[in-house]
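Working notes, structure below.
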There are 2 protein chains.
Amino acid sequence: MNDSQPSPNFQPLYRQVKQVLMQRLATHHWKPGDLLPSEPCLAEELGVSPGTVRKALDEMTAQNLVVRRQGKGTYVTTHSPHRALFHFFHIERDDGARELPDSTVLSIRQAAGNRNERKNLALPSSGKVIRIKRVRAFDGIPAIFEEIVVSAKRFTGLDKYPADDLPNTIYRLYEEKFRVVVTRAEERIRAIAADRTDAKYLNIPAGSPVLEIDRLAFGHENDVIEWRVSRCLTTEHYYLSELD
Amino acid sequence: MNDSQPSPNFQPLYRQVKQVLMQRLATHHWKPGDLLPSEPCLAEELGVSPGTVRKALDEMTAQNLVVRRQGKGTYVTTHSPHRALFHFFHIERDDGARELPDSTVLSIRQAAGNRNERKNLALPSSGKVIRIKRVRAFDGIPAIFEEIVVSAKRFTGLDKYPADDLPNTIYRLYEEKFRVVVTRAEERIRAIAADRTDAKYLNIPAGSPVLEIDRLAFGHENDVIEWRVSRCLTTEHYYLSELD
DNA sequence: AAGTGGTCTAGACCACCAA
DNA sequence: TGGTGGTCTAGACCACTTA
């Protein structure tokens with residue numbers, strides 16, 4: 001751990017430690033939910049002082065890669081329903097309440113990826129995809145129609161899952177069954193006119209304004225894991241974005 | 001700084017330090033752009049170790065309340081155009097480019113606040129407001145029509161500003177002329193049908209889908225400073241939200 | 001050269017948790 | 001009771017800025 005060469009790769013020691021730890025997350029040396037070795041253990045193993053390990057873990061905690069529990073230890077973050085609701089779902093009811101909508105899967109199918117799908121998922125021209133269509137409802141009232149697209153190669157067998165068996169919080173499934181961990185996402189949001197499909201599933205006239213959320217979900221290596229387009233009714237809900 | 005009473009107000013020392021420092025920002029003991037005393041100075045003044053001051057400043061840096069510059073010192077954050085663009089403006093062009101649109105002020109008027117305005121700005125029933133309407137354009141093409149509402153009491157004289165003199169990045173004006181500092185904002189986003197006013201200013205048919213951004217801007221004491229509703233064309237732009 | 005923040009270390013003590 | 005993370009301290013050295 002003592003490379004004191006004046007290379008162009010200047011990196012503070014604690015960042016090098018962080019890189020090592022993140023590498024171990026990426027390679028599933030430690031999996032979601034696992035307990036990491038204690039800070040003094042890691043410090044000794046890596047040949048640095050405990051304070052340096054601590055600073056690395058501080059940053060990883062800030063990025064939600066790990067969670068600390070006083071008196072117990074440091075755990076690899078996992079996609080709990082709470083995390084799904086508060087980190088990866090930004091729709092709230094007009095009164096400010098937040099809840100995960102129920103989900104009804106319409107279809108899960110494998111197909112050759114179209115150009116946009118291959119571009120967004122960084123697939124070769126022969127790349128296959130799995131598409132999931134579902135409707136999500138608040139209190140039985142349909143509010144979101146969405147299509148999820150993933151690489152068929154990375155998620156081999158997902159298309160054979162019984163539709164009822166898909167958990168509402170699908171990222172947990174990615175973790176447990178496919179060893180794929182979503183750490184970050186980008187959402188591009190537009191107002192568009194509902195097309196006939198949106199209209200049908202959301203029970204609104206075609207042409208009504210709906211909120212389109214175009215999301216890319218990324219993994220540890222900043223690789224795109226999932227592309228998802230959601231069409232949301234925002235008559236009794238809104239999308240909340242907090243700045244700073 | 002040594003209250004070692006087992007009161008219910010348990011707060012780590014570094015957080016107490018942070019509170020003191022934040023108080024000084026709130027009361028304009030230090031103003032935007034000011035240079036803070038060095039870490040050892042603050043440590044001595046407050047009777048704590050430098051590391052404790054550092055941890056307090058770490059958190060304040062993470063919250064964008066202060067900015068550190070190695071070799072120079074720690075400065076109170078100010079609303080630079082860069083900050084406006086990258087922290088308080090989330091609209092991007094479809095190709096991912098980001099630029100502040102030009103702004104044309106339509107009107108600045110004082111009036112009695114209506115119910116919603118008084119509610120959002122926490123004003124008494126007799127509260128007066130100042131309303132600013134403007135259109136913002138990318139490359140000369142109108143894309144955003146917005147109305148900004150602030151308390152007339154807090155912003156006395158704002159309504160007499162010549163419309164041309166309003167800077168595009170209005171939060172800087174709040175700081176410099178009214179000693180009001182915006183530190184945080186919440187945006188509630190919906191897709192709605194353009195009304196006749198939107199249609200007129202955005203040069204689109206009434207009923208077209210537009211993105212409504214309903215924003216509350218908060219100050220140091222978590223007090224609401226500004227209410228702003230923007231109607232945005234999202235045919236060549238989108239709203240970017242980054243998760244985690 | 002002097003002063004600032006940035007990094008790294010080492011150790012003490014506390015609060016929390018599980019056995 | 002022993003182990004964990006959480007806090008606080010004290011000091012050394014480095015990198016950057018300004019003069």
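Being a predicted model, the structure only gives us computed values, none of them experimental. Proteins get letters first, then strands, A, B, ... in listed order; numbering begins at 1 in each.
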On the nucleotide C/dT4, are OP1 or OP2 found under 4.0 Å from the side-chain N or O atoms that B/Thr74 carries?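 For C/dT4, OP1/OP2 do not have a side-chain N/O of B/Thr74 under 4.0 Å.
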
B/Ser38 side-chain N/O to C/dT4 phosphate OP1/OP2 under 4.0 Å: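 Checking B/Ser38 against C/dT4: at least one side-chain N or O falls below 4.0 Å of OP1 or OP2.
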
Taking only the side-chain heavy atoms of [X] (C-beta and beyond), determine which of [options] contains the nearest atom.
{"X": "A/Lys72", "options": "D/dG5, D/dT17, C/dC17", "answer": "C/dC17"}
{"X": "B/Pro12", "options": "C/dT7, D/dG5, D/dT7", "answer": "D/dT7"}
{"X": "B/Leu13", "options": "C/dC17, C/dG5, D/dC8", "answer": "D/dC8"}

What is the separation between atom [atom1] on [X] and atom [atom2] on [N], rounded to the nearest whole Å?
{"X": "A/Leu42", "N": "C/dT9", "atom1": "CG", "atom2": "P", "value": "14 Å"}
{"X": "A/Arg69", "N": "D/dG3", "atom1": "CZ", "atom2": "C1'", "value": "17 Å"}
{"X": "B/Leu35", "N": "D/dT17", "atom1": "CG", "atom2": "C1'", "value": "12 Å"}
{"X": "A/Glu44", "N": "C/dC8", "atom1": "CD", "atom2": "C1'", "value": "18 Å"}
{"X": "A/Phe10", "N": "C/dC8", "atom1": "CZ", "atom2": "P", "value": "12 Å"}
{"X": "A/Leu57", "N": "C/dC8", "atom1": "CG", "atom2": "C1'", "value": "16 Å"}
{"X": "A/Arg15", "N": "C/dC8", "atom1": "CZ", "atom2": "P", "value": "10 Å"}
{"X": "B/Lys55", "N": "C/dG5", "atom1": "NZ", "atom2": "C1'", "value": "18 Å"}

Would A/Asp223 and A/Arg154 pass as an ion pair if we require N to O under 4.0 Å?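 Yes.
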
Any Lys/Arg nitrogen of A/Glu45 or A/Arg24 sitting under 4.0 Å from an Asp/Glu carboxylate oxygen of the other?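 Looking at A/Glu45 and A/Arg24, the cut-off is met.
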
Taking the nucleotide of DNA chain C with the closest heavy atom to each, which residue, A/Gln70 or A/Ser49, is nearer the 5' end?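 Between the two, 5'-proximity favours A/Ser49.
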
Residue closer to the 5' end of DNA chain C, B/Asp58 versus A/Thr52 (nearest nucleotide):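 It is B/Asp58, whose closest nucleotide lies nearer the 5' terminus.
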
Report the relative orientation of the aromatic rings in B/Phe88 and B/Tyr171; use parallel for angles under 30°, tilted for 30 to 60°, perpendicular for over 60°.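 Judged by the thresholds at 30° and 60°, the geometry between B/Phe88 and B/Tyr171 is perpendicular.
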
What's the separation between atom CG in A/Leu121 and atom NZ in A/Lys119, rounded to the nearest 0.5 Å?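 Nearest 0.5 Å value for the CG-NZ distance: 11.0 Å.
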
Looking at the rings of A/His79 and A/Tyr174, which for Trp means the six-membered one, are their centres under 6.0 Å apart?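 Between A/His79 and A/Tyr174, the centre distance exceeds or equals 6.0 Å.
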
Residue mapping more 5' on DNA chain D - nearest nucleotide basis, A/Arg54 or A/Gly71: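 Its nearest nucleotide being more 5', the pick is A/Gly71.
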
